[in-house]
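Within every chain, numbering begins at 1; the chains are lettered A, B, ... in the order of the sequence lines, protein sequences first and strands thereafter.
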Number of protein chains: 2
Amino acid sequence: MLPIIAISIGDVNGISPEIILKSFDRSELFEFCRPVVYGPSVPLEYYRQLLGVAVEISEIAHPADAVEGVLSIMPIPGTFDPTDIGRPTAESGRISIAAIEAGFAAVKSGAASALVTAPISKEAIALAGSPFRGHTDMLAALSGSGEEVLMILSSNTMNVGLVTIHVPLAEVTPLITRERVERTIRLGHRSMDLDFGIEDPKIAVLALNPHGGDGGLMGGEEQAVLAPAIAAMQADGIDVEGPFPADGFFSAHSKQMYDLIIAMYHDQGLIPFKLQAKGRGVNVSAGLPIVRTSPDHGTAYNIASHGIASAESMKEAVYYARTIALNRLQ
Amino acid sequence: MLPIIAISIGDVNGISPEIILKSFDRSELFEFCRPVVYGPSVPLEYYRQLLGVAVEISEIAHPADAVEGVLSIMPIPGTFDPTDIGRPTAESGRISIAAIEAGFAAVKSGAASALVTAPISKEAIALAGSPFRGHTDMLAALSGSGEEVLMILSSNTMNVGLVTIHVPLAEVTPLITRERVERTIRLGHRSMDLDFGIEDPKIAVLALNPHGGDGGLMGGEEQAVLAPAIAAMQADGIDVEGPFPADGFFSAHSKQMYDLIIAMYHDQGLIPFKLQAKGRGVNVSAGLPIVRTSPDHGTAYNIASHGIASAESMKEAVYYARTIALNRLQ
């Protein structure tokens with residue numbers, strides 16, 4: 001039997017239901033997994049008709065009931081009102097949270113092999129009373145992983161891990177500590193091995209400051225923090241190098257030599273990643289007890305229901321989820 | 001007669017003499033300009049023989065003596081010792097400075113049309129006693145332009161202007177003021193028109209924080225500084241938009257819609273620029289009284305005299321210098 005992949009429906013007022021359906025429209029993904037969507041059926045049925053997607057959908061009572069070639073649904077109660085499309089509501093937030101919790105539980109219990117999370121809205125989950133800012137911290141809390149979760153962005157050209165993510169630029173530098181950098185290297189190393197099946201992965205660490213601080217003229221974190229952290233991890237047997245000035249790194253051949261590139265902050269990693277991933281990037285949560293992937297974009301409220309959302313990143317997220325689940329089994 | 005382009009020799013211990021020679025090796029550039037190198041002849045002759053470059057070089061006494069098809073040299077006294085190749089010395093720094101000053105004076109006086117500066121070393125000019133950190137501040141001081149100089153990186157796919165350049169990442173945010181952002185937009189707008197010949201250019205401004213601050217959740221500079229600065233410049237008739245979240249901007253089609261993209265800090269602009277310029281990027285100094293361009297890379301001491309340095313960026317810098325000089329004449 002094909003592995004069961006749980007998919008949380010995401011924010012029903014954004015493009016999430018559309019990209020889930022499109023991912024399985026005449027899709028070769030059915031040859032690799034049995035998909036089970038956690039969420040209400042109504043928005044999926046609404047978009048199936050609106051977009052004329054050729055996918056059979058069917059409600060089931062337990063993930064094990066999922067059959068091949070069908071988009072199965074584990075129903076989550078909730079109201080979907082098409083007039084709310086394009087904006088966050090407390091109800092869309094509530095459904096988002098319930099779907100993630102149910103999908104997580106399914107994977108945790110072994111009923112499904114991996115969780116793919118469709119995009120949610122920070123605003124919507126806040127309206128629903130959630131204290132979390134997004135998937136990563138919510139899943140970390142559900143699994144008790146705390147700071148031990150690392151977001152890795154993956155495509156067929158590169159894997160990027162981030163030391164800091166959703167913080168203002170002004171707060172980045174104080175967060176670049178030896179402890180945090182070493183933890184990121186360790187988590188990244190472990191994930192490359194465990195999740196990506198890469199034995200003895202090569203890791204590159206980017207510099208924080210322009211020109212890598214230029215010998216201290218433009219910032220001292222390279223010498224005070226990054227170099228010692230890298231040396232300590234090398235002493236632990238991890239094949240890690242750097243810090244490399246970030247501006248030339250991605251244009252040079254060097255990037256092809258590394259299995260994982262560790263960036264210091266969001267835009268430093270995401271700008272080159274998105275440029276090269278060309279809409280097919282995947283977000284992988286390393287360090288969680290469950291396998292979890294997601295597309296690398298948001299709810300895209302502005303184009304919801306226009307029928308123009310690309311499902312490429314969502315499709316890749318499903319592929320990755322299955323591959324990582326298989327790698328972890330080995 | 002073809003326009004005279006002054007070229008400062010840069011750091012003679014790095015790749016500068018090599019890329020100058022290679023730029024004119026069987027080069028179509030001779031159809032567009034009469035190049036005049038400011039610097040000692042010895043390193044040029046040394047590399048001409050070492051690399052077997054087919055370029056005629058000839059010392060002249062005045063730029064107007066430059067003839068077509070020849071790499072003319074306005075000699076600057078100085079010692080070149082091949083055993084110093086690959087490292088900064090006080091002498092290489094002194095020559096670098098003298099060449100820039102002489103080249104600048106030639107263009108300022110009208111004896112040459114534009115100045116192309118080959119890469120110099122910060123360390124070398126410091127060893128020579130210079131208070132400057134690089135070309136831009138040295139040329140700003142020579143012309144009394146102060147902060148009114150803007151570095152624009154240009155390639156056939158995009159032009160990028162930087163609000164802050166060579167400062168540690170921790171110092172970027174306090175420098176993002178309305179005054180500085182508005183000055184950058186004005187300088188960029190003027191340069192697109194005057195130097196690039198683009199009437200009513202379209203300008204995009206990137207956000208400082210991840211996701212453009214996400215409505216204030218991840219930083220407030222977008223709302224407090226960037227939006228009002230953009231609105232003020234729009235009120236002045238400049239076609240400028242933003243702030244745009246930086247991570248998705250370069251991968252989206254949107255970047256092709258703008259003549260100039262204004263980035264907040266070095267790596268935000270340089271990472272995507274270098275990724276797309278593929279070694280052919282040019283640095284243009286907007287706001288100087290003279291036309292000045294340079295390649296977008298450094299002295300590359302580590303490969304000096306290996307014969308493998310690419311002259312593509314240097315060649316483009318010469319092309320740009322001539323084109324901008326012609327545009328300014330119109």
Side-chain angles (χ1 to χ4, degrees), chain A residues 121-123 126 133-134 153 162 164-176 206-222 245-252 255 263-281 296-298 300, chain B residues 121-123 126 133-134 153 162 164-176 206-222 245-252 255 263-281 296-298 300:
Chain A
S121 156
K122 271 193 210 65
E123 290 85 349
R133 296 177 73 169
L153 293 132
L162 300 172
T164 67
I165 309 181
H166 291 139
V167 295
L169 192 79
E171 293 174 20
V172 167
T173 301
L175 289 171
I176 304 301
L206 298 184
L208 173 71
N209 295 299
H211 299 191
D214 213 352
L217 290 173
M218 293 183 239
E221 289 76 16
E222 284 72 19
D247 62 334
F249 184 83
F250 293 95
S251 59
K255 73 167 189 296
M264 295 297 119
Y265 54 93
H266 186 275
D267 283 0
Q268 187 185 49
L270 270 284
I271 289 174
F273 179 80
K274 289 199 167 181
L275 248 171
Q276 300 221 326
K278 299 186 196 305
R280 301 171 74 103
D296 73 341
H297 56 74
Chain B
S121 156
K122 271 192 211 64
E123 291 85 349
R133 298 177 73 169
L153 294 133
L162 299 173
T164 67
I165 308 181
H166 290 139
V167 296
L169 192 77
E171 293 174 21
V172 168
T173 300
L175 290 171
I176 303 302
L206 298 183
L208 172 71
N209 295 298
H211 299 192
D214 212 352
L217 289 173
M218 292 182 239
E221 289 76 17
E222 284 72 18
D247 62 335
F249 184 83
F250 294 94
S251 59
K255 75 166 188 299
M264 296 297 119
Y265 54 93
H266 186 276
D267 283 0
Q268 187 184 50
L270 271 285
I271 289 174
F273 179 80
K274 289 198 167 180
L275 247 171
Q276 300 222 324
K278 299 185 197 303
R280 302 172 73 104
D296 74 341
H297 56 74

Given that the side chain runs from C-beta out, which part of B:K278 has a heavy atom under 4.5 Å from chain A: side chain, backbone, both or neither? neither
Given side chains that start at C-beta, do those of B:Q276 and A:L275 come closer than 4.5 Å, heavy atoms only? yes
Find the one option among A:A207, A:A246, A:A277, A:G219 whose heavy-atom pairs under 4.5 Å with chain B are most numerous. A:A246
Residues forming a side-chain hydrogen bond (donor to acceptor under 3.5 Å, both in side chains) with A:D296, sequence neighbours excluded: A:S313
Given 3.5 Å as the limit, does a donor-acceptor pair link the side chain of A:E222 with the main chain of A:G215, or not? no
Top contributor to chain A interface from B:E123, B:Q268, B:H211 [non-hydrogen pairs under 4.5 Å]: B:H211
Region of B:V172 in contact with chain A, defined by heavy-atom distances below 4.5 Å: side chain
Atom NE2 of B:H266 and atom CE of A:M218: how far apart are they, to the nearest 0.5 Å? 7.0 Å
Option that, when pairs with chain B are counted at under 4.5 Å, heavy atom only, ranks first among A:N209, A:T173, A:L169: A:L169
With only heavy atoms counted, which part of B:F273 is less than 4.5 Å from chain A, the side chain, the backbone, both or neither? neither
Select one option (side chain, backbone, both, neither) describing which atoms of B:E171 are under 4.5 Å from chain A's heavy atoms. neither
Which one, A:I271, A:L270, A:I176, leads in non-hydrogen pairs under 4.5 Å with chain B? A:I271
With rounding to the nearest 0.5 angstrom, report the CG to NZ distance, B:D214 to A:K122. 4.0 Å
Name all residues meeting the salt bridge (Lys or Arg N to Asp or Glu O under 4.0 Å) criterion together with B:D267; count only those two or more places apart in sequence or in a different chain, and write none if there are none. none
